[in-house]
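For the numbers below, each heavy atom of this structure counts, side chains included, while hydrogens, waters and symmetry mates do not.
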Amino acid sequence: MADEWTGDQGETWHDEGAEGADESEFVQIGQQDAAMPRYKDPWRDPKFISVNMINAHTFIHTFGQHMKKAALFELPHWVDIVKTGPAKDMPPSNPDWLYYRVAAVARFLFMHGGCGMSAVTRRYGGSQRRGVKHDVFKKASPGNIRFAFQTLEKLGWAEKRPTGGRRLTQLGRKEMNNIARQAWKLQKARGKHMPLL
């Protein structure tokens with residue numbers, strides 16, 4: 001049976017260990033649960049889910065599929081023949097690549113609070129192979145980036161900044177957070193990536 005005694009301020013203590021135990025084994029009665037570490041469920045549903053809480057791949061895929069199913073914009077005639085940049089050898093093999101590019105640009109605006117063409121083309125650039133010469137960095141093609149900006153403006157999700165570039169509107173951020181809730185459920189079901197809480 002554990003020994004118990006009363007402290008100077010009326011608190012009750014007891015010894016859980018054997019004789020000769022150090023002070024670390026003395027715990028206050030009623031404080032055992034508080035002393036133990038509590039592990040929260042990382043997949044609990046928070047009250048508010050934002051875009052930055054979702055894995056980038058999961059959100060872009062969910063957002064692109066949403067725009068495709070809702071038919072929010074029509075694909076241009078050049079979608080199957082254009083390259084995404086001079087560093088690429090072939091056009092994208094996925095026929096729905098432009099939906100995902102618009103979703104990725106929208107997420108880039110969300111995460112960076114607004115930007116211009118130069119920042120986005122630099123983000124989606126890559127190394128161009130030049131045979132025996134050393135590789136050089138080339139920016140992405142600005143045509144599809146400009147199309148993404150214009151599409152977001154037509155939908156009312158983006159607007160031009162006074163200092164240049166584009167930024168998301170309140171309606172655009174609201175729409176993306178709604179998509180983030182759907183992506184959260186998909187991410188929770190897969191369980192492959194931990195949320196950034």
My understanding is that only one of M53, R107, Q182 makes a side-chain contact (heavy atoms from CB on, under 4.5 Å) with F59; could you say which?
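Single side-chain contact (heavy atoms from CB on, under 4.5 Å) partner of F59 among M53, R107, Q182: R107.
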Which heavy-atom pair separates [X] from [Y] by the least distance, and what is that distance?
X	Y	result
G113	R161	O-NH1, 4.1 Å
I145	M117	CG2-SD, 3.8 Å
P91	V82	CB-O, 3.3 Å
A106	L168	O-CD1, 3.8 Å
A87	G126	CB-O, 3.7 Å
A183	I54	CB-CG2, 3.7 Å

Any donor-acceptor pair under 3.5 Å linking the side chain of T169 with the backbone of G156?
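A pair under 3.5 Å: yes.
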How are the rings of F147 and W78 set to each other: parallel, tilted or perpendicular (split at 30° and 60°)?
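Judged by the thresholds at 30° and 60°, the geometry between F147 and W78 is perpendicular.
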Euclidean distance, L72 CG relative to L155 CG, rounded to 0.5 Å:
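Interatomic distance, L155 CG to L72 CG, rounded to 0.5 Å: 5.5 Å.
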Treating Ile, Leu, Val, Met, Phe, Trp and Tyr as nodes and any side-chain heavy-atom pair under 4.5 angstrom as an edge, say whether W97 and I81 lie in one connected cluster.
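Result: yes, single cluster for both.
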What I'd like to find out is whether the side chain of R123 reaches to under 4.5 Å of the side chain of H112, using heavy atoms alone.
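They are not in side-chain contact.
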Would you say K139 has more than 12 foreign heavy atoms packed within less than 6.0 Å of its NZ?
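For K139, atom NZ is crowded (more than 12 foreign heavy atoms under 6.0 Å).
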Is it the case that more than 12 heavy atoms not belonging to K83 sit under 6.0 Å from its NZ atom?
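Above 12, so yes.
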Please step through side chain to side chain contact (heavy atoms under 4.5 Å, CB included) for the pair L109 and W157, ending with a clear verdict.
CA-CA 10 Å; L109 291 176; W157 296 350; over 6 Å; no
Looking only at the aromatic ring of each residue, does the gap between the centers of Y99 and F63 stay below 6.0 angstrom?
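That pair fails the under 6.0 Å test.
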One pair to check against side chain to side chain contact (heavy atoms under 4.5 Å, CB included): R181 and N178. What are the steps and the verdict?
CA-CA 5 Å; R181 295 189 186 95; N178 291 336; 2.4 Å; yes
Would T84 and S141 count as a side chain to side chain contact (heavy atoms under 4.5 Å, CB included) here? Give the steps.
CA-CA 5 Å; T84 57; S141 175; 5.7 Å; no
Check the pair R166 / L152 against side chain to side chain contact (heavy atoms under 4.5 Å, CB included), numbers first and verdict last.
CA-CA 10 Å; R166 268 88 166 180; L152 294 174; over 6 Å; no
